[in-house]
Amino acid sequence: MGKGFYEVPVAVNEPVKDYAPGSPERKAVLEAYKELYNANIDVPMYINGQEVRTGDTATMSPPHEHQHSLGTYHRATQANVQSAIDGALEARKAWSQMPWEQRAGIFLRAAELIAGPYRAKINAATMLAQSKTIYQAEIDSACELIDFLRFNVQFMTEIYAEQPESTSGAWNRLEYRPLEGFIYAITPFNFTAIAGNLPASAALMGNVVLWKPSDSQIFSAKVIIDVFREAGVPDGVINVVYGDPVMITNTVLESPDFSGLHFTGSTHVFKSLWKQIGENIFKYKTYPRIVGETGGKDFIVAHKSANSKQVSTAISRGAFEFQGQKCSAASRCYIPQSLWPAVKEEVIADVKSFKIGSPEDMSNFITAVIHEGSFDKLASYIDAAKADADAEIIVGGNYDKSKGYFIEPTVIVTSNPKYTTMCTELFGPVVTIFVYEDDAWEETLHLVDETGEYALTGAVFSEDRYALDQAVKILENAAGNFYINDKPTGAVVGQQPFGGARGSGTNDKAGSKLNLYRWISPRMVKETFVSPTDYRYPFLG
Ligand code: NAD
């Protein structure tokens, strides 16, 4: 910035539209849904500004209607990945020198494009690709992505304003350089907003990026790419490749210029990537930054003083919205004996009232799970629970993949607090409940803390402040996002920075300044105005 200390628009959260019957937004999204459903698009890769088609294609289908083709995408060869790396490094020469206000302008424009002309399209694409209801699509692909873009621009300027003290004889300047090399962004299927944010946050800070979206999200990723291009992201700054994750990753991690991993996905994949980076460490010009937000086994623990209806609503929403495929979804619950009859009755009534089907029918609360692999895995855990003596299914338990990958929302009650579905991340509409003796509160909090490898989100319900305080203390390390008398899902950018520790990730808090710090390498510049001309200090006299 040469000619002014510019201020960016103050970031505000994008208001969530309600899509009530008769509303203009409902009409627009249903029209966009129909159009995209029939469009049969062919999605190229984007490498150095070029659309690249290899002819090695795969089909995209809605999870709720797997026989229908939405179109195809092209899978990368190793040469494509290499040319994406080369293109990124070439683009870096100009992009890393681009003044920050120009970068800000591009991503603020992207936010406004999503808020306006692309809103219906990005929501409809997310409903089709990931089987989200309109409300789940709106809070993700429209509002959260807009918020990420707006707030990150503001956070960037706050970081740039952080400067050291200077004395009268010298001027100390901190320059927040992008990393030297390129960033590898790998994104999960479940949030269109995360898919957009992982490459965009690094690019905003002046980095160049190679982005590999999840196969199951490419249909909605295409809308993000269109928005970035229209907003003016220059060629080569964000390169997009699809296909075999192992080949792509092996090629990327061989590059001496690999300087950072921005990952969201499962714990096992992240740990294997970290290991591979470690094994390659002598190849790199710089120590790569490694950021990974990964799996969860998120809990709700209720105290005997809790309000049963609040607890059951938190379970019904927290465990089952988006078919339990949020990393923050409640999947293990601890309910005191005295509260259990009421919570049980209410949860069963809620689950029985859920309508299941395509998101195009907006009265459906539950749609399909993402793909056949996920469906089969969930079905096998449900079958095991039917057979196991220490588990009982109190509602749900059916599944059907004839048309779409539909799993009935399922509640398992177990007498074994370490039962497999209390520990393993299933990532679907299955929640497991352990009922404890009322007077075992403290012991139960320790059980919550010591069960499983994760520490992403968790919620405590209580009307008793002493009990709440105990939970806050004992569960200090059990969740990176901790909720009091609220469900453990639904973090909002700028309000609840998101991320967990232990097996759940590096906790770099997406949607906060903390994350942006990972994509910069500060340079300290000290300028002395009148330089000394004699080495002798006074004490030598
Ligand atoms: P996933 O790990 O299967 O895939 C994530 C990405 O990694 C995809 O792009 C995939 O193609 C890629 N990938 C898979 N194997 C790879 C390999 N061997 N090398 C390199 N890349 C590879 O996860 P998913 O099913 O897409 O998403 C669900 C997971 O993500 C859950 O575990 C969930 O908890 C987690 N998640 C976490 C957060 C968070 O903020 N903590 C947010 C969203 C999702």
Side-chain angles (χ1 to χ4, degrees), residues 58 63 73 75-76 81 129-130 136 140 144 148 184-199 201 210-218 220-221 240-253 258 261-277 290-298 322-331 369-375 377-378 405 424-428 452-458 479-481 488-491 493 496-512 514-515:
Y73 66 87
R75 295 161 54 88
V81 182
Q130 294 120 291
Q136 293 302 317
D140 162 22
E144 190 173 23
F148 274 135
Y184 183 27
I186 305 181
T187 57
F189 80 83
N190 66 337
F191 278 87
T192 302
I194 296 176
N197 181 48
L198 266 49
S201 52
L210 188 147
W211 170 28
K212 196 210 84 60
S214 158
D215 292 348
S216 307
Q217 193 262 329
I218 292 171
S220 50
V240 197
V241 298
Y242 324 115
D244 176 5
V246 174
M247 181 281 285
I248 296 170
T249 299
N250 286 345
T251 311
V252 168
L253 298 187
F258 165 69
L261 172 68
H262 204 185
F263 176 87
T264 298
S266 56
T267 298
H268 182 77
V269 170
F270 182 58
K271 286 188 174 174
S272 68
L273 293 169
W274 190 304
K275 181 164 177 265
Q276 198 174 345
I277 293 166
I290 306 177
V291 173
E293 305 305 335
T294 61
K297 190 69 195 170
D298 310 302
F322 186 36
Q323 297 72 259
Q325 299 172 115
K326 300 185 184 191
C327 43
S328 54
S331 62
V369 299
I370 192 69
H371 49 50
E372 190 166 21
S374 171
F375 177 94
K377 175 179 160 184
L378 289 159
Y405 302 115
T424 311
E425 185 186 48
L426 304 186
F427 224 58
E453 62 178 307
Y454 301 107
L456 188 49
T457 76
N481 284 61
T489 59
V493 176
Q496 298 101 23
F498 191 79
R502 295 186 182 161
S504 293
T506 53
N507 201 12
D508 287 293
K509 297 291 186 210
S512 82
L514 295 171
N515 178 279

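Since the structure is predicted, the reported quantities are computational estimates derived from the model, not experimental observations. Just follow the structure's listing: the first ligand is 1, and inside any ligand the first atom is 1.
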Protein heavy-atom partner closest to atom 35 (C) of ligand 1 - residue, atom, separation in Å: Gly265 O, 3.2 Å
Distance from atom 9 (O) of ligand 1 to nearest protein heavy atom, with residue and atom: Thr187 O, 2.7 Å
Side-chain heavy-atom pair Tyr184, Lys212 within 4.5 angstrom cut-off: yes
Per-atom contacts of ligand 1 with Pro213, taking only distances under 4.0 Å to non-hydrogen atoms: 9 (O)
Pair Ser220, Gln130: side-chain N/O donor-acceptor within cut-off below 3.5 Å: yes
Interfacing atoms of ligand 1 (cut-off 4.0 Å, heavy-atom, Phe498): 39 (C), 40 (O)
Full working for side-chain contact (heavy atoms from CB on, under 4.5 Å) between Phe427 and Gln325: CA-CA 5 Å; Phe427 224 58; Gln325 299 172 115; 4.0 Å; yes
Closest approach of any protein heavy atom to atom 27 (O) of ligand 1, naming residue and atom: Pro188 CB, 3.5 Å
Phe375 and Tyr405 aromatic ring geometry - parallel, tilted or perpendicular at 30°/60° bounds: tilted
Any Ser374 heavy atom less than 4.0 Å to ligand 1: no
Identity and separation of the nearest protein heavy atom to atom 20 (C) of ligand 1: Thr249 OG1, 3.0 Å
Heavy-atom nearest neighbour in the protein, as seen from atom 37 (C) of ligand 1, with distance rounded to 0.1 Å: Thr294 O, 3.0 Å
Which of the ligand 1 atoms, numbered from 1, are nearer than 4.0 Å to a heavy atom of Leu273: 19 (N), 20 (C)
Atom 42 (C) of ligand 1 [closest protein heavy-atom partner, distance rounded to 0.1 Å]: Cys327 SG, 2.9 Å
Atom 13 (N) of ligand 1 - nearest protein heavy atom and its distance: Pro245 CB, 3.7 Å
Ligand-side contact atoms (ligand 1) for residue partner Gly295, heavy atom cut-off under 4.0 Å: 32 (O), 34 (O)
Those atoms of ligand 1 less than 4.0 Å from some heavy atom in Leu456: 41 (N)
Asn190 contact mode with ligand 1 (heavy-atom cut-off under 4.0 Å): side chain
Under 3.5 Å donor-acceptor, Asp140 side chain and Thr192 backbone: yes
Location of contacts on Ile370 toward ligand 1, heavy atoms closer than 4.0 Å: neither
Is_contact(atom 4 (O) of ligand 1), protein non-hydrogen, under 4.0 Å: no
Trp274 and Leu261: CA distance, side-chain angles, deciding distance, side-chain contact (heavy atoms from CB on, under 4.5 Å) verdict: CA-CA 9 Å; Trp274 190 304; Leu261 172 68; over 6 Å; no
Contacting atoms of ligand 1, where contact means under 4.0 angstrom from a heavy atom of Ile186: 6 (C), 7 (O), 9 (O), 12 (C), 21 (N)
His262 versus Asn515, side-chain donor and acceptor atoms under 3.5 Å: yes
Any side-chain heavy-atom pair of Phe263 and Thr294 under 4.5 Å: yes
Asp215, any N or O under 3.5 Å of ligand 1 N or O: no
Stepwise side-chain contact (heavy atoms from CB on, under 4.5 Å) check, Gln276 with Asn250: CA-CA 9 Å; Gln276 198 174 345; Asn250 286 345; 2.6 Å; yes
Residue of the set Ser216, Ser214, Pro188 for which side-chain contact (heavy atoms from CB on, under 4.5 Å) holds with Ile370: Ser216
Within-shell test, Phe427 vs ligand 1, heavy atom, strictly < 4.0 Å: yes
Proximity flag Phe263 to ligand 1, non-hydrogen atoms under 4.0 Å: yes
Any donor-acceptor N/O pair, Glu425 side chain to Gly296 backbone, under 3.5 Å: yes
Mode of Phe191 contact toward ligand 1 - side chain, backbone, both, neither (heavy atoms, under 4.0 Å): neither
Side-chain donor/acceptor of Asn190 to backbone N/O of Lys326, under 3.5 Å: no
Distance-only N or O hit between ligand 1 and Phe189, under 3.5 Å: yes
Lys212-ligand 1 polar pair, N/O distance under 3.5 Å: yes
Single hit among Ile248, Leu273, Thr264, Leu198 for side-chain contact (heavy atoms from CB on, under 4.5 Å) with Ile186: Leu273
Nearest-contact summary for atom 32 (O) of ligand 1 - protein heavy atom, Å: Glu425 OE1, 2.7 Å
Mode of Ile194 contact toward ligand 1 - side chain, backbone, both, neither (heavy atoms, under 4.0 Å): side chain
Leu210 side chain near Val81 side chain, heavy-atom distance below 4.5 Å: yes
